[in-house]
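Given the structure is predicted, the values throughout are model-derived calculations rather than measurements. Sequential numbering from 1 along the given sequence is applied to the chain's residues.
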Amino acid sequence: QVQLVESGGGLVQAGGSLRVSCAASGRTFSSYSMGWFRQAPGTEREFVATIDRSGRTTYYLDSVEGRFTISRDNAKNTVYLQIDSLKPEDTAVYYCAAHRLGGSDPTKVSEYDYWGQGTQVTVSS
C-alpha cells in the first residue's frame with residue numbers, strides 16, 4: 001500500500017520554472033518505479049516522465065524532453081519533477097503514481113496502481 005501526495009503547483013508566467021513534489025507514505029517506496037502524468041481540460045491523462053527504482057534510468061514524453069527532469073530521493077520517500085522553460089501548453093493537473101510491481105511498460109496509465117490527488121500547474125502568457 002502506497003499513499004501519494006503532490007504539492008508545489010501554482011501559477012507561473014511562460015518561460016518560468018516550477019518544481020512539483022510527491023511525498024509517499026509507505027514502507028516500500030524504493031521498490032516502485034514512479035511516474036508523472038498530466039491532464040489538461042478536455043483531454044485524456046498522458047504520460048510525462050518515469051524513473052526506475054534506483055533513479056538511474058529515466059524516460060520522458062518527447063515534447064518535454066530537455067525541459068523536464070524527474071528525480072527521486074528514496075531516503076525521503078519523495079519523487080520530484082523539475083519543470084523549466086514553461087509553456088502555456090504545459091498547463092494541466094500533474095499527478096504522480098507508483099508503477100505496478102511486475103508491470104512491463106511504465107508509460108501506460110493502466111499499469112499504475114497508486115495515484116496522488118494531483119496538483120494544478122497553470123502557465124500564463
Side-chain angles (χ1 to χ4, degrees):
Q1 180 67 41
V2 179
Q3 294 177 311
L4 305 171
V5 180
E6 300 96 333
S7 63
L11 175 65
V12 63
Q13 290 186 329
S17 296
L18 203 64
R19 187 177 75 162
V20 292
S21 301
C22 177
S25 298
R27 296 176 297 171
T28 58
F29 173 74
S30 63
S31 296
Y32 295 90
S33 292
M34 299 293 295
W36 283 98
F37 295 78
R38 67 186 182 186
Q39 187 166 20
T43 72
E44 296 183 355
R45 192 167 300 184
E46 70 172 345
F47 166 78
V48 175
T50 187
I51 188 166
D52 73 351
R53 299 176 185 181
S54 69
R56 292 192 293 269
T57 302
T58 59
Y59 183 75
Y60 297 90
L61 177 69
D62 286 346
S63 63
V64 308
E65 182 74 46
R67 298 190 299 116
F68 288 23
T69 304
I70 187 172
S71 61
R72 69 190 297 162
D73 186 339
N74 286 344
K76 295 182 178 179
N77 278 16
T78 303
V79 62
Y80 306 94
L81 186 69
Q82 176 69 38
I83 311 174
D84 297 322
S85 301
L86 278 160
K87 303 175 180 180
E89 54 263 43
D90 295 320
T91 295
V93 177
Y94 283 72
Y95 299 89
C96 70
H99 190 235
R100 181 180 305 137
L101 299 178
S104 60
D105 186 351
T107 71
K108 293 183 178 179
V109 170
S110 63
E111 292 200 1
Y112 285 78
D113 288 334
Y114 305 105
W115 294 84
Q117 80 291 340
T119 186
Q120 177 71 48
V121 173
T122 302
V123 184
S124 65
S125 60

- Task: Measure the spacing between CE of Met34 and NE2 of His99 and express it to the nearest 0.5 Å.
- Result: 11.5 Å
- Query: Strictly by modelled atom types, are Asp52 and Ser33 linked by a side-chain donor-acceptor pair under 3.5 Å?
  - Reply: no
- Query: Distance-only, no hydrogens or angles: does the Glu6 side chain make a donor-acceptor pair with backbone N or O of Gly118 under 3.5 Å?
  - Reply: yes
- Task: Examine distances only and state if a side-chain atom of Thr91 and a backbone atom of Val123 form a donor-acceptor pair shorter than 3.5 Å.
- Result: yes
- Scan side-chain atoms only and decide if Ser17 and Gln82 contain a donor-acceptor pair under the 3.5 Å cut-off. no
- Message: Within a 6.0 Å radius of atom CD on Glu65, are there more than 12 heavy atoms belonging to other residues, nucleotides or ligands?
- Response: yes
- Query: Between the main-chain N or O of Gly35 and the side-chain N or O of Tyr95, is there a donor-acceptor pair closer than 3.5 Å?
  - Reply: no
- Message: Take a 6.0 Å sphere around OH of Tyr114 and say whether it holds more than 12 heavy atoms from other residues, nucleotides or ligands.
- Response: yes
- Task: List for me each residue that meets salt bridge (Lys or Arg N to Asp or Glu O under 4.0 Å) alongside Arg67, sequence neighbours excluded, and say none if there are none.
- Result: Asp90
- Within 6.0 angstrom of Gln117 CD, more than 12 heavy atoms from elsewhere: yes
- Query: Counting distance only, does the side-chain N/O of Tyr60 pair as donor-acceptor with the main-chain N or O of Ile70 below 3.5 Å?
  - Reply: yes
- Spatial distance of atom OG1 (Thr50) from atom CH2 (Trp36) [nearest 0.5 Å]: 12.0 Å
- In Å and rounded to the nearest 0.5 Å, what is the CD1 to SG distance from Ile51 to Cys96? 12.5 Å
- Message: Show, in sequence, the C-alpha distance, side-chain angles and deciding distance for Leu4 and Trp115, and conclude whether the side chain to side chain contact (heavy atoms under 4.5 Å, CB included) test is met.
- Response: CA-CA 6 Å; Leu4 305 171; Trp115 294 84; 5.6 Å; no
- Item | Phe68 and Tyr94 aromatic ring geometry - parallel, tilted or perpendicular at 30°/60° bounds | tilted
